[in-house]
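Just so you know, ligand 1 is whichever comes first in the structure, and atom 1 is the first atom listed for that ligand. Nothing fancy with the numbering, it's 1 onward along the sequence.
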Amino acid sequence: MGMRVAIGQFNEITTETMAFARQLGIDSVQMNTPLLPGADTWDAADVQRLADAVAAEGLKLEAIENVPVHFYDKVMTGAPGREAQIENYCAIIRALGAAGIGILGYHFMPNSVWRTNRRIKGRGGARNTGFDLAEATAATTRAEAERFLPSVLGDLSAMPLRFGDDAGISHDQMWDNYAWFLDRVLPVAEEAGVRLALHPDDPPASELGGVARLFTGVENFKRAEALAKDSPAWALDLCLGSCSSMLGGAQTVREMISHFGPRGKIAYVHFRDVQGSVPRFVECFLGEGNFNPSEMIGLLRDNGFDGFLLDDHVPQIENDSPWGHRARGHAIGYLQGLLNAHPQREV
Ligand SMILES: [Mn+2]
């Protein structure tokens, strides 16, 4: 199919969003943590209904990104109860396979995405989110840390934030937990014909809220790849924005694409950027961040990537909808123009 732009980052299929996709010339759909019934897992029939609803609109549901965190939080932290969670997780992988959805995106961040400011004034007054490690590490209580978590998460009481007398979770423990996860899900995913696409840690800080973070630099992704023992089901949701916010900025993005692209390990791409890198960065529009978007499209093409690109996060533009139609329209058009300027070579 070749590189293409997908629409996504919504949790339900509406006729309006599907029409918006078609009008922008898009065929591919991704969903993020779809709103489905189920306290600890999803029914295969409900997953199938999602795929059918997208197909009925003339589009293709290519990926689901993220099950609710509480479906596998014990898997990530290595807590009692992880065996039941992993069985449910495997059932979801099989449900995606049966519905013809070839990619399940996931992250391995027990305490989620952190931002220390969500209203930073950017270009022309657009609002951007940002992160400052000094502010994040100044938080020494659960209440202080919770301010940095996404409000959409709702109840944060189960979120692992280890302060004071609580023992934290070390890097060694997190690596053990990740290996335990891979050993159980990869064989199931291979059989189901589903690729599991790992999102980098966002922000890529070594530790936040007493919990170690693993996927914060190129070497750690290589270590993860080795743990997957050449399984074709292990792949990346390569978030260029997260990689750009790692030490090295644009150079880290280049290294990730040129290492994992030729190995066929990039399942799909979050195509966004930031200004600055850890310890401090701010999200921004395409074209004003650390990297040149045109260079990265060329690099993705030349390293064999042929999946979909997703706008992921976008700045908050004047009078935009909660989902961000205006800003997403801009990002999608920007990416379509770049793809047009970088035709894929005929094989
Ligand atoms: Mn992302």
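- If you look at Phe215 and Trp175, their ring centroids are closer than 6.0 Å.
- The pair Lys229-Asp183 meets the salt-bridge criterion, with a side-chain N (NZ, NE, NH1 or NH2) lying under 4.0 Å from an Asp/Glu carboxylate O.
- Sorted by first then second residue, the salt bridge (charged side-chain N to carboxylate O under 4.0 Å, His left out) pairs that include residues 315-331, not counting sequence neighbours, are Asp311-Arg328.
- The aromatic rings of Phe20 and Trp323 stand perpendicular to each other, their planes meeting at an angle above 60°, with 30° marking the opposite boundary.
- Across all their heavy atoms, Ile101 and Val194 have their closest contact at O-CG2, 3.7 Å.
- Protein atoms of type N/O/S that fall under 2.8 Å from the Mn ion (ligand 1) number 4 in this view.
- Residues Tyr72 and His70 place their aromatic rings such that the two centres sit no closer than 6.0 Å.
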